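Scroll down for the structure; my scribbles are underneath it.
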Amino acid sequence: MLQLHYIRENKEEVITRLAVKNLDARVSIDQVIELDAHRRKTQNELDSLLNEANILAKQIGELMKTGKKPEAEELKLKTAVIKEQVKELEAALKTQEDELNKTLVLLPNIPNKQVPKGKTPEENETVFSYGEIPHLYEQAQPHWDLITKYDLIDFELGVKLAGAGFPVYKNKGARLQRALINFFLDRATAAGYMEIQPPILVNEASGYGTGQLPDKEGQMYHVGVDNLYLIPTAEVPITNLYRDVIVKAGDLPIKNCGYTPCFRREAGAWGAHVRGLNRLHQFDKVEIVQVAHPDKSYEILEEMREYVAGLLRELELPFRILRLCGGDMSFASALTYDMEVYSAAQKRWLEVSSVSNFETFQSNRLKLRFREAEGKPQLAHTLNGSALALPRIVAALLENNQSAVGIRIPKALVPYTGFDLIS
RNA sequence: GGAGAGAUGGCAGAGUGGUCUAUUGCGGUAGUCUUGAAAACUACUGAGUGUAACAGCUCCGGGGGUUCGAAUCCCUCUCUCUCCGCCA
């Protein structure tokens, strides 16, 4: 959520920069500023009334104590009028606050100055590429055929148990999942991230804290009887660890990582282009999360991007890094890099990671702050990135490394799989 | 699931209707003393809102109520602990 005082003091800048996200925010911003002025006026009136009431109450107490009951009774009559007014103002204040909040919550984060203008993914900016696009042999197959050929994953069984998009991993397919998870977690902890194993169901407050609610309610699976949500990413529980927390400036940056299954309804997103592992309702992911000092967060974003790139190099996958344009960025992000690997048989780039700086957008909702030696607590910056999401990595590994003898496992993974070839 | 107890500042823990602008201890910060440190002593030490700065206002788990006045009384929700039951 954007900070009110920032909007108030930088109105034109906010409107201009939100336009990069293709949003004409002038009307909303005007509305926010007006509602806010209105609200503050009401608050002011209410405060002075309460002040009056407090003073009267003290006087009455004093009179009662000294036995001057008639005088006390007289003052009591005065308070009745004030109480009536207080009630009215309180009701007005609540309405005004709700209205303001409703408008404010719908405003996306302001994009960083580096964010390119644009509406579609085609307008994302490629900032880096690595590796050669592999030339496959004549009989090369897309991963969904390789999966069947080597008996790695059973989608039919998944349909039987849950539905489309819930794969059942088998044999070396299951082992490969476990290997990737361990590989990613080992690398993350070696890079200084503390491993977390969070709940994979979260309450409403957590969904709100990281920005999934109220914006994307329909994307999450909801367990109605208990009013809990299945997490769409480990970002939600791990970032929410720091909800309502004030940390010492010296403890920043805080680096956490965690493996969880992720659940996404992907309502209406089904079609031929999401075949195989390209899009699922349940998938595995290792996530990295940082809580950073505002002065350091962009430096840290680059560091996180480099970290993820390093993983892709180790996996020997060709990849490119995109700086997302305004139109392709998420609601809460100020700057996002997408990492895409090339999946050679599909001849497609697949997004396997998204690394973002949210600046204070999440921490404002979370009330996640840090304290310097001097001065008041201030909002920290939050960042996160996938490191990495498994299914599309598996797709690319299978497709790019296939040959007549089988599928080669990259060297870095062999200690984790225990085999170097799927045949 | 049943019965009981409880939720107060970074932590511990007082406070059952009126300077509570919340006792006290620990922790933290600064100072005095000291060659330096420790100890001792002194002062300061929650958050939000608001203001040019003060003032003011709000917050004792959440929400509602009684009262001139609520941490304190009432209702309700959530959570925690203890015992019993069940159980990987």
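Below, read A as the first sequence line, B as the second, and so on, with proteins coming before strands; counting in each chain starts at 1. Predicted model, so just to flag it, every value in this text is computed and none were measured.
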For [X], check side-chain contact (heavy atoms from CB on, under 4.5 Å) against everything at least two apart and list the hits.
X: A:Ala188; answer: A:Tyr193, A:Cys257, A:Ile288, A:Tyr307
X: A:Ala162; answer: A:Phe166
X: A:Asn22; answer: A:Lys119
X: A:Lys78; answer: A:Leu56, A:Leu75

Kindly list each side-chain donor-acceptor pair under 3.5 angstrom involving residues 25-33 of chain A, sequence neighbours excluded, with atom names and distances?
unit_1  : atom_1 : unit_2  : atom_2 : d
A:Arg26 : NH1    : A:Glu12 : OE2    : 3.4
A:Arg26 : NH2    : A:Glu12 : OE1    : 3.0
A:Asp30 : OD1    : A:Lys11 : NZ     : 2.8

Near RNA chain B, under 4.0 Å by heavy atom, which residues of residues 71-96 of chain A?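 Listed by number, they are A:Lys76, A:Thr79, A:Lys83.
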When the [atom1] atoms of [N] and [M] are considered, how many whole Å apart are they?
N: B:rG25; M: B:rU76; atom1: P; result: 39 Å
N: B:rA52; M: B:rU42; atom1: C1'; result: 34 Å
N: B:rG18; M: B:rA71; atom1: C1'; result: 14 Å
N: B:rC75; M: B:rA70; atom1: C1'; result: 15 Å
N: B:rC20; M: B:rG56; atom1: P; result: 16 Å
N: B:rC60; M: B:rU23; atom1: P; result: 15 Å
N: B:rG13; M: B:rG4; atom1: P; result: 24 Å
N: B:rA53; M: B:rU16; atom1: P; result: 39 Å

Structure string for RNA chain B in dot-bracket form, Watson-Crick and G-U at under 3.5 Å, | interchain: ((((((((.[[[..)..(.....]]]((((((.......))))))((((......)))).[[[[[..)....]]]]])))))))....
Classify A:Asn44 by what it touches in the nucleic acid, base, sugar-phosphate, or nothing, heavy-atom distance under 4.0 Å.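 Counting heavy atoms under 4.0 Å across all strands, no contact is made by A:Asn44.
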Considering every strand and a 4.0 Å limit on heavy-atom distances, what is the contact class for A:Leu56: base, sugar-phosphate, or nothing?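 No contact.
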Ring pair (Phe, Tyr, Trp, His ring centres under 6.0 Å) partners for A:Phe155, two or more places apart: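 For A:Phe155 there are no ring pair (Phe, Tyr, Trp, His ring centres under 6.0 Å) partners, ignoring immediate neighbours.
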State which residues pass ring pair (Phe, Tyr, Trp, His ring centres under 6.0 Å) with A:Phe184; sequence neighbours excluded, sorted by chain then number.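 A:Phe184 satisfies ring pair (Phe, Tyr, Trp, His ring centres under 6.0 Å) with no residue once adjacent residues are dropped.
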Residue met sooner reading RNA chain B from 5', once A:Arg371 and A:Gly61 are mapped to nucleotides: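 Comparing both residues, the 5'-ward one is A:Gly61.
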Residue whose closest nucleotide on RNA chain B lies nearer the 5' end, A:Arg8 versus A:Asp47: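 It is A:Arg8, whose closest nucleotide lies nearer the 5' terminus.
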Check: residues 85-96 of chain A side-chain donor-acceptor pairs under 3.5 Å, at least two apart:
unit_1  : atom_1 : unit_2  : atom_2 : d
A:Lys94 : NZ     : A:Asp98 : OD2    : 3.4
A:Thr95 : OG1    : A:Ala91 : O      : 2.9
A:Gln96 : OE1    : A:Thr42 : OG1    : 2.7
A:Gln96 : NE2    : A:Thr42 : OG1    : 3.2

Would you list the pairs meeting side-chain hydrogen bond (donor to acceptor under 3.5 Å, both in side chains) in which at least one residue belongs to residues 220-232 of chain A, sequence neighbours left out?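 As it turns out, the side-chain hydrogen bond (donor to acceptor under 3.5 Å, both in side chains) pairs with a partner in residues 220-232 of chain A, which skip direct neighbours, are A:Glu204-A:Asn227, A:Glu217-A:Tyr229, A:Tyr221-A:His281, A:His222-A:Asn227.
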Opening and closing nucleotides of RNA chain B in contact with chain A, under 4.0 Å to non-hydrogen atoms: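 Nucleotide range in contact with chain A: B:rG18 to B:rG69.
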Stepwise ring-ring contact (aromatic ring centres under 6.0 Å, His included) test for A:Phe128 and A:Tyr337: CA-CA 10 Å; A:Phe128 184 81; A:Tyr337 291 112; over 10 Å; no
Give a yes or no on whether the backbone of A:Asp186 and the side-chain of A:Thr189 come within a donor-acceptor separation of less than 3.5 Å.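 Here the side-chain-to-backbone pair exists.
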